[in-house]
Structures are given as structure tokens and as C-alpha cells.
*Asks:* 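Starting off with a structure, shown below.
What you see below is based on every heavy atom in this structure, not just the backbone, and it leaves out hydrogens, waters and symmetry mates. Numbering of ligands and ligand atoms starts at 1, following listing order. What you are looking at is a predicted structure, and each value in this text was computed from that prediction instead of being measured.
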Amino acid sequence: MFFISSGGIDRLIIFCGGNLIFYFFYTIFAPHFGHAGRKNIQTGYKEEKDMQQLKERILRDGKCFEGGILKVDNFINHQMDPILMKSMAVEFVRRFASRDINKILTIEASGIAPAIMVGYLLELPVVFAKKKKPSTMENMLATKVFSFTKNNTYDVCVCKDYLQPGDKVLFIDDFLANGNAAKGVMDLVRQSGAELAGMGFLIEKAFQHGGDYLRAQGIHVESLAVIESLDGCRITLKD
Ligand SMILES: O=P(O)(O)OC[C@H]1O[C@H](OP(=O)(O)OP(=O)(O)O)[C@H](O)[C@@H]1O
Ligand SMILES: O=c1[nH]c(=O)c2nc[nH]c2[nH]1
């Protein structure tokens, strides 16, 4: 590699005798390709309407448990696959492209990973509702949510500073089952005076009907994979 300068930095000519310089620039800039901002994101990605990757992964790695629970902790909510997570976030960005959104909202813990990916792509702040009230939190909005997987009711709260009138909120979560978490979030959004722009879920379990309720409320709901049944511990996906 040679650097030949003629007339100062305005004429820097780089000769590259191999792959070294390419490697150098690629290493620095590659992580930013495709993340460059909202406009590029909404138009620049290949559409993956059917989310085939996610469906294949559910069938390959998902494990079914008694009581209608699908365990996806190999790639979504314990160990996480960031590449798949990014593809799913891209798909949310595409599906909610027509919506005016200024904030992403989720509920801890498992919603945080997909929500932050969406917030990153849209360059928007991400707020997560907490399941334990921090002693330092003042000015909070609170509601109760029953957790189907943990068989427990939580006081879910969010600080009023981060959810305000005028906010246009996209709620993102990993699962939609009975819709309890989503209903809790609707209550927090209502209390805050913000507007709910939509709700996006990685996986909807249609047989628990939370989605029917939300859609009947006129909410724009998008689920990337829909499980029709886990009967007999067999995973049946909607096409
Ligand atoms: O539609 P629903 O019946 O409310 O079920 C969906 C909710 O359940 C899961 O949370 P969970 O309570 O298991 O906590 P986690 O986020 O800590 O995994 C999931 O992350 C959703 O928030
Ligand atoms: O990992 C999970 N599997 C599930 O089936 C489920 N339902 C609600 N929340 C859930 N989380």
C-alpha cells in the first residue's frame, strides 16, 4: 500500500496492492451498512413478508410445553439470535412504515431485545415498562398485568416523563397470547394521553385470542409468525 500526496490532502491518491485497504475500510464501515437511517431502512431492505426464517426456526428449535407454551429460548428470549432479531425488526419497520411513530414501547423482559432493534433502525427512543416499581421512580403510571407464563400478577409501571401526551407509540413484544401484557400497555398509553400507533409481536398464539381482542379494538396489529395450535405438542403455524 502506498500513499502519494500531491498538493496536500485535496489530492490523496491511494494505491492498493492487495486486499489490505479494502479489509481496513470494510472492517470499519461494514457494521453500518444497512443501518444508515430511517429513509434507507424503509426502502432499502428486501421484503420478507412471510418471515420464513422465523417460521423455520420456530419449527426447528421451538419446544412445546403443556398448557400451550412454546419455548423459544434458544433464539428469542434467553439465548438470542441478533441476526434474526434484526431481520424481524426490519420487517416491523416495513409493516409499520405508514404509521407516524415517535417512540417504541415494550414491557420487560423479553420485549426489550426486539424493541431496541426496531428503535435502532428507526432511530427512535425505546421505553420499557417495568415489572417492579423502582424506589427512585416518581411520577409514574401503573397498571396490573397477569403473566400467563409465570402465573403471577405484576404491577407494571412507566415514568410519565417517558410516555407523554402527543407521543405516538409503537408497542413491540416477543409474544402475544391472551393479550394481558398488551392490554396493560393500552392502559398505560391511555393514562398517559399518548396515542397507540400499533402493536407488533414476533409470535402470536392465535388460539389464545389476544389478537382477536386487539384487532377488534381497531388496533393495527402485526405478528410475524402466528401459531394456530400447539395441540398434542405439535407446532402448527399459519401460512
Ligand atoms: O399476551 P399475554 O398473555 O400477556 O402473553 C404475552 C406476554 O407474556 C410474556 O411475558 P412474561 O410474563 O412471560 O415475562 P417475560 O417478558 O419476562 O418473559 C411475553 O413477553 C409477553 O409480554
Ligand atoms: O416464551 C414464551 N412462550 C409462550 O408460549 C408464551 N406465551 C406468552 N408468553 C410467552 N413466552
*Asks:* Give me the residue, atom name and distance of the protein heavy atom closest to atom 12 (O) of ligand 1.
*Replies:*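 Checked against all protein heavy atoms, atom 12 (O) of ligand 1 sits closest to Ser147 OG, 2.6 Å.
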*Asks:* Taking Asn178's backbone N and O only, do any of them form a donor-acceptor pair with Gln208's side chain (distance below 3.5 Å, no angle check)?
*Replies:*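 Absent.
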*Asks:* Any non-hydrogen protein atom below 4.0 Å of atom 8 (O) of ligand 1?
*Replies:*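 Not a single protein heavy atom is under 4.0 Å away.
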*Asks:* Salt bridge or not between Glu204 and Arg215? Use side-chain N to carboxylate O under 4.0 Å.
*Replies:*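 Yes, charged N to carboxylate O under 4.0 Å.
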*Asks:* Tell me which protein heavy atom sits closest to atom 13 (O) of ligand 1, plus the residue, atom name and distance to 0.1 Å.
*Replies:*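 Looking only at protein heavy atoms, the one closest to atom 13 (O) of ligand 1 is Thr149 OG1, 2.3 Å.
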*Asks:* Does any N/O atom on Phe146 come nearer than 3.5 Å to any N/O atom on ligand 1?
*Replies:*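 Checking ligand 1 against Phe146, no N or O pair falls under 3.5 Å apart.
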*Asks:* Between ligand 1 and Ile107, is the shortest N or O to N or O distance under 3.5 Å?
*Replies:*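 Looking only at distances, the answer is no, because the N/O contact criterion of under 3.5 Å is not met.
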*Asks:* Which residue and non-hydrogen atom of the protein lie closest to atom 4 (O) of ligand 1, and at what distance in Å?
*Replies:*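 Answer for atom 4 (O) of ligand 1: Ala181 N, 2.8 Å.
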*Asks:* Run the numbers for me: atoms of ligand 2, each under 4.0 Å from some heavy atom of Ala177, listed by number.
*Replies:*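 Here the atoms of ligand 2 in question are 7 (N), 8 (C).
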*Asks:* Check each of Leu124, Val185, Leu163 against Val169 using the side-chain contact (heavy atoms from CB on, under 4.5 Å) test, and report the only one that passes.
*Replies:*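 Running side-chain contact (heavy atoms from CB on, under 4.5 Å) over Leu124, Val185, Leu163 with Val169 returns exactly one hit, Leu163.
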*Asks:* Looking at ligand 1, would Asp173 count as a contact under a 4.0 Å heavy-atom criterion?
*Replies:*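 Under 4.0 Å: yes for Asp173.
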*Asks:* Indicate yes or no for a side-chain donor-acceptor contact from Lys63 to the backbone of Asp73 under 3.5 Å, with no hydrogens or angles considered.
*Replies:*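 No, Lys63 side chain to Asp73 backbone: no donor-acceptor pair under 3.5 Å.
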*Asks:* Just to check, does Lys131 reach to within less than 4.0 Å of ligand 1 when the distance is taken from its heavy atoms?
*Replies:*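 A heavy atom of Lys131 does come that close to ligand 1.
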*Asks:* Looking at non-hydrogen atoms alone, which of Asp174, Asn77, Leu176 comes nearest to atom 1 (O) of ligand 2?
*Replies:*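 Looking at heavy atoms only, Asn77 sits closest to atom 1 (O) of ligand 2.
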*Asks:* Going by the atom numbers of ligand 1, which of them fall below 4.0 Å from some non-hydrogen atom of Glu108?
*Replies:*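 Near Glu108, meaning under 4.0 Å from one of its heavy atoms, ligand 1 has 16 (O).
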*Asks:* Considering only protein heavy atoms, which is closest to atom 5 (O) of ligand 1, and at what distance to one decimal place?
*Replies:*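 Residue, atom and distance for the closest contact: Ala177 CB, 3.6 Å.
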*Asks:* Pick whichever of Asn77, Asp174, Ile69 has a heavy atom sitting closest to atom 20 (O) of ligand 1.
*Replies:*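 Looking at heavy atoms only, Asp174 sits closest to atom 20 (O) of ligand 1.
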*Asks:* Working to the nearest 0.5 angstrom, can you tell me the gap between Ile172 CD1 and Thr106 OG1?
*Replies:*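 Answer rounded to 0.5 Å: 7.5 Å.
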*Asks:* With under 30° as parallel and over 60° as perpendicular, where do the rings of His220 and Phe96 fit, or are they tilted in between?
*Replies:*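 Geometry flag for Phe96 against His220: tilted rings.
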*Asks:* Do the numbers put Lys183 on top of the ring of Tyr213, so that NZ or CZ is under 6.0 Å from the six-membered ring centre and no more than 45° off the axis?
*Replies:*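 Here Lys183 passes the 6.0 Å and 45° test against Tyr213.
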*Asks:* Which residue and non-hydrogen atom of the protein lie closest to atom 3 (O) of ligand 1, and at what distance in Å?
*Replies:*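 Checking every protein heavy atom, the shortest distance to atom 3 (O) of ligand 1 gives Asn178 N, 2.9 Å.
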*Asks:* Evaluate the criterion side-chain hydrogen bond (donor to acceptor under 3.5 Å, both in side chains) for residue pair Thr236 and Glu228; output intermediate values, then yes/no.
*Replies:* CA-CA 6 Å; Thr236 309; Glu228 277 184 339; over 6 Å; no
*Asks:* When only distance counts, is Gly179 in polar contact with ligand 1, meaning an N/O pair under 3.5 Å?
*Replies:*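 Yes: some nitrogen or oxygen of Gly179 is under 3.5 Å from one in ligand 1.
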*Asks:* Can you report which non-hydrogen protein atom sits closest to atom 18 (O) of ligand 1, along with the distance?
*Replies:*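 The closest heavy atom on the protein side is Ser110 OG, 2.7 Å.
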*Asks:* Mind checking the CZ-OG spacing from Arg95 to Ser223? Nearest 0.5 Å is all I need.
*Replies:*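 Taking CZ in Arg95 and OG in Ser223, the distance rounds to 8.0 Å.
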*Asks:* Short N/O distance, under 3.5 Å, between Phe175 and ligand 1?
*Replies:*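 No, Phe175 has no N/O under 3.5 Å of an N/O on ligand 1.
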*Asks:* Rounded to the nearest 0.5 Å, how far does CD1 of Ile101 lie from CZ of Phe171?
*Replies:*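 Those atoms lie 13.5 Å apart.
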*Asks:* Can you sort out which atoms of ligand 1 are near Lys150, meaning under 4.0 Å from one of its heavy atoms?
*Replies:*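 It comes down to these atoms of ligand 1: 11 (P), 13 (O), 14 (O), 15 (P), 17 (O), 18 (O).
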*Asks:* Give the atom numbers and elements of ligand 2 that come within less than 4.0 Å of a heavy atom of Phe148.
*Replies:*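 In order of number, 7 (N), 8 (C).
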*Asks:* I'd like to know if Gln208 contacts ligand 1, where contact means a heavy-atom distance under 4.0 Å to any ligand atom.
*Replies:*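 No, that is not the case, since the closest heavy atom of the residue is not under 4.0 Å from the ligand.
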*Asks:* Check this for me, if you would: do Arg57 and Asp81 make a salt bridge, where the nitrogen-to-carboxylate-oxygen distance has to be below 4.0 angstrom?
*Replies:*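 Yes, charged N to carboxylate O under 4.0 Å.
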*Asks:* Among all the protein's non-hydrogen atoms, which is closest to atom 2 (C) of ligand 2, and how far away is it?
*Replies:*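 Result for atom 2 (C) of ligand 2: Phe175 CE1, 3.3 Å.
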*Asks:* Can you tell me which residue among Asp174, Leu176, Ile58 is in a side-chain contact (heavy atoms from CB on, under 4.5 Å) with Leu202?
*Replies:*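 Answer to the side-chain contact (heavy atoms from CB on, under 4.5 Å) test with Leu202 among Asp174, Leu176, Ile58: Asp174.
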*Asks:* Report the nearest protein non-hydrogen atom to atom 3 (N) of ligand 2: residue, atom name, distance rounded to 0.1 Å.
*Replies:*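 Looking only at protein heavy atoms, the one closest to atom 3 (N) of ligand 2 is Leu70 O, 2.6 Å.
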*Asks:* Nearest to atom 7 (N) of ligand 2 by heavy atom, His78, Lys150, Gln208, Lys205: which?
*Replies:*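 Closest candidate by heavy-atom distance is Lys205.
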*Asks:* Checking the side chain of Glu108 only, and the main-chain atoms of Lys131 only, is there a donor and an acceptor separated by less than 3.5 Å?
*Replies:*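 Between the backbone of Lys131 and the side chain of Glu108 there is a qualifying donor-acceptor contact (under 3.5 Å).
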*Asks:* Would you mind listing which atoms of ligand 1 come within a distance below 4.0 Å of any non-hydrogen atom of Asn180?
*Replies:*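 In order of number, 1 (O), 2 (P), 3 (O), 4 (O).
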*Asks:* Looking at Thr149, which atoms of ligand 2 are within less than 4.0 Å of one of its heavy atoms?
*Replies:*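 Those qualifying, in numeric order: 6 (C), 7 (N), 8 (C), 9 (N), 10 (C), 11 (N).
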